[in-house]
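One structure below.
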Amino acid sequence: MQSYYQATRNFDLDQPVLNGEHDVDVCIIGGGYTGLSSALYLANEGVNVVLIESNKIASGASGANGGQVSGGMRRDQFYLEKALGFQKAKALWCIGEEAKYHAKDLIDKYKIQCDYKKGIAHPNHKQRYCEESKRYVDHMINKYDYKDMVYLSDSEMREVTGSDNYYGGSFDEGEAHCHPLNYALGIAKAAIAAGAKVFENTSAIDYKVHDSYVKVQTQNGTIKADRVILACNGYLDNLEKRLTSKILPMNNYIIATKPLDDETVQKINPRDIAFADSRFVINYFRLSADKRLLFGGGENYSKNLSKNIVPIVTKPLEKIYPFLKDIKIDFAWGGKLAITMNRLPFFTTLYNDKVISAQGYSGQGVALASYSGKIVSEKITGNGETFDIMSKVPRQSFPGGRFLRNPSMKIGMLYYSLLDRI
C-alpha cells in the first residue's frame, strides 16, 4: 500500500540525478531532516553545498514517521539526571526544547503547510506507572520551570484517548504534531531557494578522505568537497564502518484508516492531539487532517521493510480500540529509523573534522533531526558549541558490534515486548 503522507504531499521536487564532476565546499549525504536543514542553513550562509539522496527527498523515516514534534530527548530527565548528572541533563533538555521551537520557527518562516497542531499525551498502559508520571510532572515544573505539562488522572486520560485500556499519564501542550513529509519538503524547497543544489536518486557508493579534501563517488559522478556531512541515519549501511556499531537501523510501521465519522472522532480524540504511550515498543497515534486514525506500532530489525504491515499494526490498534476491529485500512507503510544504545543522538566528527555525522535520533527526529542541521551548520561556519555538547554524550556500542548487533537486539526487543504484556 501507498503511504498516506505520499498520497497527500503538497508537491514533488523532482530533482535531477548527479552526473559528472562537482567541486563544492560541503557535500551532504542524505536527504532527510538533518541533511535538508544542514543544506538550508549552509546555503543561507553562502556556502557552496550539494546534497545527494539515494532515493527521493524524505523517502526514509523523515517522510514516513508519526509526525510528533516532541521536546527534550528520547530519554526522560529522570534517566538523564541519573546517567549524566543534573547540569548535563538540563543542557540536553534545553537543546531538545530549542529543537521543538525551532521546528515551529521553520514552519512559520517558510510558510510550510504541514497541519501543525499542539499537544501530545503520554498515557500509561499500566496502573503502576502512574505514580512516577505524577512525580515526573512535578519534577519538570519545580526543577525545570516547565509549565506546559500536566498530569491526567485515569478518568481524564480515558476521556481524551477514548480507550479503557489506559490509565493516567501526562499531557504536554508544548509538544505538537504535523504532516512530516510536507514539513520535510518545505525545508527542502527553502534550501533549494537559498541556493543549495539537491540531487535525487544519487547514491554515495564510497568516499575517500585526502589531505585537503574529501572525494565522494556516486554511480554517475564524483563530488570533491572540503567537508562531508553524513546524514543517512537508518540508511547509513556500510558507508562509514566506524559508525555502524553505534547505530542500529530499525523498521517501524504505520497505518491510516478510512476517514472516521464525527461520532468516532469525538470518542477517540476529542482534543485532536497526538498520543505516545508508555510501552517500550511504543504505540503512537493521532488524527490526520481529513480525520483518519494514523496509528503506529510494531517494529523489527530485518534488512527490508515488511510486506505484511496491516496485521502488524492493527494488532495493537485493536487492543486499544476494540470497537475499531476490522475497520478499513486505506494506507500502510513503514520507514527505517536509527536507534542508539542509550536512545540519545550520536554526534561525532571523523578525519580531523573533515567528516561530520549527526544520526541516531531513536524515533524522536522530527524536531531533533531538523534542529541538528542548524547545529551541524554552526559546527562548520561558527563555534559549534551545541555540536560539541552533543558529541560529548556517552555512546555505547551495540553488543557484538556491527556484525552481531541485529541478533542481540532482536533478543532484547523480545524481552521488552514481553514486559509490555505483563
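Since this is a predicted model, take the numbers as computed values, not measurements.
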Test item: S391 side-chain N/O and F347 main-chain N/O as donor-acceptor pair under 3.5 Å: no

Full working for salt bridge (charged side-chain N to carboxylate O under 4.0 Å, His left out) between K118 and E173: CA-CA 6 Å; K118 299 292 285 293; E173 192 175 15; over 6 Å; no

Among L294, T257, D330, side chain to side chain contact (heavy atoms under 4.5 Å, CB included) partner for Y4: L294

Heavy-atom donor-acceptor pair, S372 side chain to I375 backbone, under 3.5 Å: no

Audit row: L368, M73, side chain to side chain contact (heavy atoms under 4.5 Å, CB included) steps and yes/no: CA-CA 8 Å; L368 275 176; M73 296 285 155; 3.9 Å; yes

Side-chain touch T348/L243, heavy atoms, less than 4.5 angstrom: yes

Side chain to side chain contact (heavy atoms under 4.5 Å, CB included) between M250 and K336, worked out: CA-CA 5 Å; M250 183 182 79; K336 192 179 290 291; over 6 Å; no

Polar side chain donor-acceptor pair, Y253 to N300, under 3.5 angstrom: yes

D353 side-chain N/O to T349 backbone N/O, donor-acceptor pair under 3.5 Å: no

Heavy-atom check, side chain of Y351 versus side chain of V228, under 4.5 Å: no

Interatomic spacing from CE in M140 to NZ in K147 - rounded to 0.5 Å: 12.0 Å

Let me check something: any side-chain donor-acceptor pairs from residues 268-275 under 3.5 Å, sequence neighbours excluded? List them with distances.
| unit_1 | atom_1 | unit_2 | atom_2 | d |
| --- | --- | --- | --- | --- |
| N269 | OD1 | D272 | N | 3.0 |
| N269 | OD1 | I273 | N | 3.0 |
| N269 | ND2 | I273 | O | 2.7 |
| D272 | OD2 | K117 | NZ | 2.7 |

Atom pair CD1/OG of I380 and S38 - distance to nearest 0.5 Å: 7.0 Å

D261 (side chain) donor-acceptor with T264 (main chain) under 3.5 angstrom: yes

Side chain proximity check, T244 to L239, heavy atoms < 4.5 angstrom: no

N/O donor-acceptor pair under 3.5 Å between D76 side chain and F78 backbone: yes

Shortest non-hydrogen contact between Y110 and A190, atoms and distance: CD2-CB, 3.5 Å

R395 side chain reached by T340 side chain, heavy atoms, under 4.5 Å: no

Polar side chain donor-acceptor pair, S306 to N308, under 3.5 angstrom: no

Residues S133 and N124: side-chain donor-acceptor under 3.5 angstrom: yes

Gap separating the OH atom of Y361 from the OG atom of S370, nearest 0.5 angstrom: 9.0 Å

Heavy-atom side-chain proximity of Y41 to K374 below 4.5 angstrom: yes

Electrostatic pair D262:K291 at N-O distance under 4.0 angstrom: no

K246 charged N/C atom sitting above F398 aromatic ring, 6.0 Å / 45°: no

Backbone N/O of I339 and side chain of R74: donor-acceptor pair under 3.5 Å: no

Minimum side-chain heavy-atom gap Y235-P249 below 4.5 Å: no

Within residues 50-72 or reaching into it, pairs that qualify as ring-ring contact (aromatic ring centres under 6.0 Å, His included) - sequence neighbours excluded: none

Spacing of CG belonging to N251 relative to CG belonging to L305, to within rounding of 0.5 Å: 4.5 Å

Any donor-acceptor pair under 3.5 Å from N65 side chain to V366 backbone: no

Polar side-chain atom of E81 near backbone of F86 as donor-acceptor pair, under 3.5 Å: no

Intermediate values then yes/no, ring pair (Phe, Tyr, Trp, His ring centres under 6.0 Å), Y151 and H139: CA-CA 12 Å; Y151 180 77; H139 185 72; over 10 Å; no

Any donor-acceptor N or O pair under 3.5 Å, side chains Q77, Y136: no

Backbone N/O of V310 and side chain of T314: donor-acceptor pair under 3.5 Å: yes

Derivation of the side chain to side chain contact (heavy atoms under 4.5 Å, CB included) call for I205 and T218: CA-CA 5 Å; I205 297 170; T218 74; 5.5 Å; no

Centroid-centroid distance, H125 to Y166, less than 6.0 Å: no

Worked verdict on D108 versus K111 for salt bridge (charged side-chain N to carboxylate O under 4.0 Å, His left out): CA-CA 5 Å; D108 291 342; K111 296 180 173 56; over 6 Å; no

Centroid-centroid distance, Y183 to Y33, less than 6.0 Å: yes

Distance under 6.0 Å and angle within 45° of ring axis: K267 vs F323: yes

S54 side, atom OG; E200 side, atom CD - distance, nearest 0.5 Å: 10.5 Å

P345 vs Q359 side-chain heavy atoms within contact, under 4.5 Å: no

Distance flag, aromatic centroids of Y167 and H122, threshold under 6.0 Å: no

Check: D115 side chain, A289 main-chain N or O, donor-acceptor pair, under 3.5 Å: no

Spatial distance of atom CD1 (I229) from atom CD1 (I28) [nearest 0.5 Å]: 4.5 Å

From Q6, K258, R292, residue fulfilling side chain to side chain contact (heavy atoms under 4.5 Å, CB included) relative to F331: R292

Beyond-backbone contact of L80 with L344, side-chain heavy atoms, under 4.5 angstrom: yes

